[in-house]
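Computed from heavy atoms alone, side chains included, the values below leave out hydrogens, waters and symmetry copies. Treat the numbers as computed from the prediction; the structure is a model and nothing was measured.
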Amino acid sequence: MFRTISAAIAVLAFTAPGFAGEKTDPRCSQYGEGFAYSADTGMCIRVGGEFRADYGFRKQSGLGQQSGFGSTVKGHVDARGNSDLGPFRIVVEPTARKF
């Protein structure tokens, strides 16, 4: 599961055309910084994410110390647009943790 979510976030971050940089498409300026216009969907989309790696240890009674690595991958896709019913927004934020 962790690898699947990590791979999906990597694919979105590196293959989505027009999402690189901090520039905002003029058609999407009302939504804020970082949005790019997708001609295929007619929506303004912002893609982002983060990767965090930790190392820690804890003392358990009677068991001594345990230590290990942990990592967290978070993705963020924010899509906004207009429809016949009015404005709409789709937010997807998958998170995967491995300890």
Legend entry - Interatomic spacing from SG in Cys44 to CZ in Arg27 - rounded to 0.5 Å: 8.0 Å
Inset, instruction - Find out whether His76 and Val91 are in side-chain contact, i.e. whether some heavy atom of one side chain is under 4.5 Å from a heavy atom of the other. - result: yes
Inset, instruction - Kindly indicate whether the side chain of Tyr31, heavy atoms from C-beta on, has any atom under 4.5 Å from the side chain of Asp78. - result: no
Inset, instruction - Begin from the C-alpha positions of Arg80 and Phe88 and carry the test side-chain contact (heavy atoms from CB on, under 4.5 Å) through to its verdict. - result: CA-CA 6 Å; Arg80 301 180 190 189; Phe88 68 93; over 6 Å; no
Legend entry - Beyond-backbone contact of Ile90 with Met43, side-chain heavy atoms, under 4.5 angstrom: yes
Legend entry - Expected output: side-chain Arg46 to main-chain Glu33 donor-acceptor under 3.5 Å: yes
Legend entry - Heavy-atom closest contact (Ser38 atom, Ile45 atom, distance): CB-CD1, 3.8 Å
Legend entry - Minimum heavy-atom distance Cys28-Ala36, with the two atoms named: SG-C, 3.9 Å
Inset, instruction - Please name the pair of heavy atoms, one in Phe35 and one in Gly32, separated by the smallest distance, quoted to 0.1 Å. - result: CD1-O, 3.6 Å
